[in-house]
**Student:** 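Pasting a structure below so you can have a look.
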Amino acid sequence: MIRRILFVGAFLFLATATHAQVFNTGQTLKKGTFSLGVEPVLHVDGGADGLVLFAHGGYGLKSGIDLAFKAGFANPNYIGGDIEFAISPNISVAAGAHQFQHFGLDGTINFNIPIRNDIDLYTGLDGDLLFPDGGDTRLALWVPVGLEVGLRPAMSFLLEAEIELSQAYHVFGGGLCFYL
């Protein structure tokens, strides 16, 4: 119990110094499974003005493949979706598109690190190829660092930070995800 508290405390400290919008481990949803999540996030040094409330949804198409959609309610609003493929039981890649300030194409690779049966640490690389109106195309890159804690068999708490690597902003947040 003490180790769990120290681990979560260390992650919370890291999250306050860094930043979230992958809201997903390196595992895909099982065929026919739905996920619904809510995640308030804070953008730092860019992005939206203040807090963004994200709604996440996903559906397992078949073994190793799922679809995800997300909407962020802020100034400006965010809408996006992606398809995710399992590379191994703990590694996935996703590709998609979004509209948030500019149109963008998304790519993510996620690595899931099981800590216990009900706790997973995840990280990887998240990138957006952005197409600003009348501007130069740019590549924004982040390193997501997240923690998923199973609260009940069909409910998890996710805490995530995205560390800006280039031409982006920092984001941090957390929320609940329900699996149906």
Side-chain angles (χ1 to χ4, degrees), residues 1 4-5 7-12 14-16 18-43 47-48 50-74 77-100 106-124 126 128 142 144-162 171-180:
M1 181 66 165
R4 180 189 286 184
I5 292 169
F7 183 77
V8 171
F11 184 80
L12 285 170
L14 176 65
T16 61
T18 60
H19 321 308
Q21 69 197 78
V22 172
F23 200 68
N24 187 27
T25 67
Q27 298 173 321
T28 57
L29 294 170
K30 294 177 183 163
K31 180 181 178 180
T33 301
F34 287 94
S35 68
L36 296 171
V38 61
E39 174 199 26
V41 301
L42 179 63
H43 290 188
L51 288 173
V52 180
L53 180 62
F54 275 97
H56 299 269
Y59 179 72
L61 292 176
K62 60 186 254 180
S63 180
I65 302 175
D66 68 30
L67 286 176
F69 299 95
K70 57 183 129 182
F73 305 98
N77 289 324
Y78 178 105
I79 185 111
D82 65 53
I83 186 165
E84 181 180 20
F85 300 92
I87 302 299
S88 76
N90 292 313
I91 301 173
S92 69
V93 295
H98 73 273
Q99 179 65 44
F100 177 65
D106 308 323
T108 303
I109 183 166
N110 261 348
F111 302 91
N112 195 58
I113 304 160
I115 304 295
R116 287 186 7 180
N117 192 32
D118 59 347
I119 299 175
D120 291 301
L121 180 66
Y122 61 95
T123 189
D126 183 27
D128 291 355
W142 295 266
V145 179
L147 181 70
E148 180 179 35
V149 178
L151 301 175
R152 299 204 169 159
M155 182 172 71
S156 291
F157 174 72
L158 280 83
L159 183 62
E160 183 177 290
E162 284 217 17
V171 187
F172 67 94
L176 292 175
C177 190
F178 301 90
Y179 302 97
L180 312 166

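Sequence positions, counted from 1, serve as the residue numbers for this chain.
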**Student:** Please round to the nearest 0.5 Å and tell me the distance separating atom CD of Glu148 and atom CZ of Phe157.
**Tutor:**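 Output value for this atom pair is 11.0 Å.
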**Student:** Quick check: do His43 and Val52 have side-chain heavy atoms less than 4.5 Å from each other?
**Tutor:** yes
**Student:** Rounded to the nearest 0.5 Å, how far apart are CD of Glu84 and CD1 of Ile109?
**Tutor:** 11.0 Å
**Student:** Under a 4.5 Å cut-off applied to non-hydrogen side-chain atoms, are Leu51 and Leu42 in contact?
**Tutor:** yes
**Student:** Checking Asn110 side chain against Asn24 main chain: does a donor-acceptor pair fall under 3.5 Å?
**Tutor:** yes
**Student:** Ala48 and Ala74: which non-hydrogen atoms are nearest, and at how many Å?
**Tutor:**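 For Ala48 and Ala74, the tightest heavy-atom pair comes out as CB-CB, 4.0 Å.
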**Student:** Can you say whether the rings of Tyr78 and Phe54 are parallel (under 30°), tilted (30 to 60°) or perpendicular (over 60°)?
**Tutor:**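 Perpendicular, since the angle between the ring planes exceeds 60°.
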**Student:** So, taking the atom named CG in Leu147 and the one named OH in Tyr122, what distance separates them when rounded to the nearest 0.5 Å?
**Tutor:** 8.0 Å
**Student:** Which of these passes side-chain contact (heavy atoms from CB on, under 4.5 Å) with Thr108: Asp126, Val93, Asp128?
**Tutor:** Asp126
**Student:** So, Asn112 side chain and Gln27 main chain: donor-acceptor pair closer than 3.5 Å or not?
**Tutor:**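 No.
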**Student:** Sequence neighbours excluded, which residues qualify as ring-ring contact (aromatic ring centres under 6.0 Å, His included) partners of Phe111?
**Tutor:**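 For Phe111, no residue satisfies ring-ring contact (aromatic ring centres under 6.0 Å, His included) once neighbours in sequence are set aside.
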**Student:** As an exercise, state the distance from CD1 of Ile83 to OG of Ser92, rounded to the nearest 0.5 Å.
**Tutor:** 12.0 Å
**Student:** Quick one: pull up SG in Cys177 and CG in Leu158 and give me the separation to the nearest 0.5 Å.
**Tutor:** 6.0 Å
**Student:** Any side-chain heavy atom of Thr28 within less than 4.5 Å of one from Ile65?
**Tutor:**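 Counting from C-beta outward, Thr28 and Ile65 never come under 4.5 Å.
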**Student:** Using 0.5 Å steps for rounding, measure from the CG atom of Leu29 to the NZ atom of Lys62.
**Tutor:** 15.5 Å
**Student:** Would you confirm whether Asp118, through its side chain, and Val149, through its main-chain N or O, come within 3.5 Å as a donor-acceptor pair?
**Tutor:** no
**Student:** Which atoms form the tightest heavy-atom contact between Leu53 and Val38, and what is the distance?
**Tutor:**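 Reported closest heavy-atom pair: CD1-CG2, 3.6 Å.
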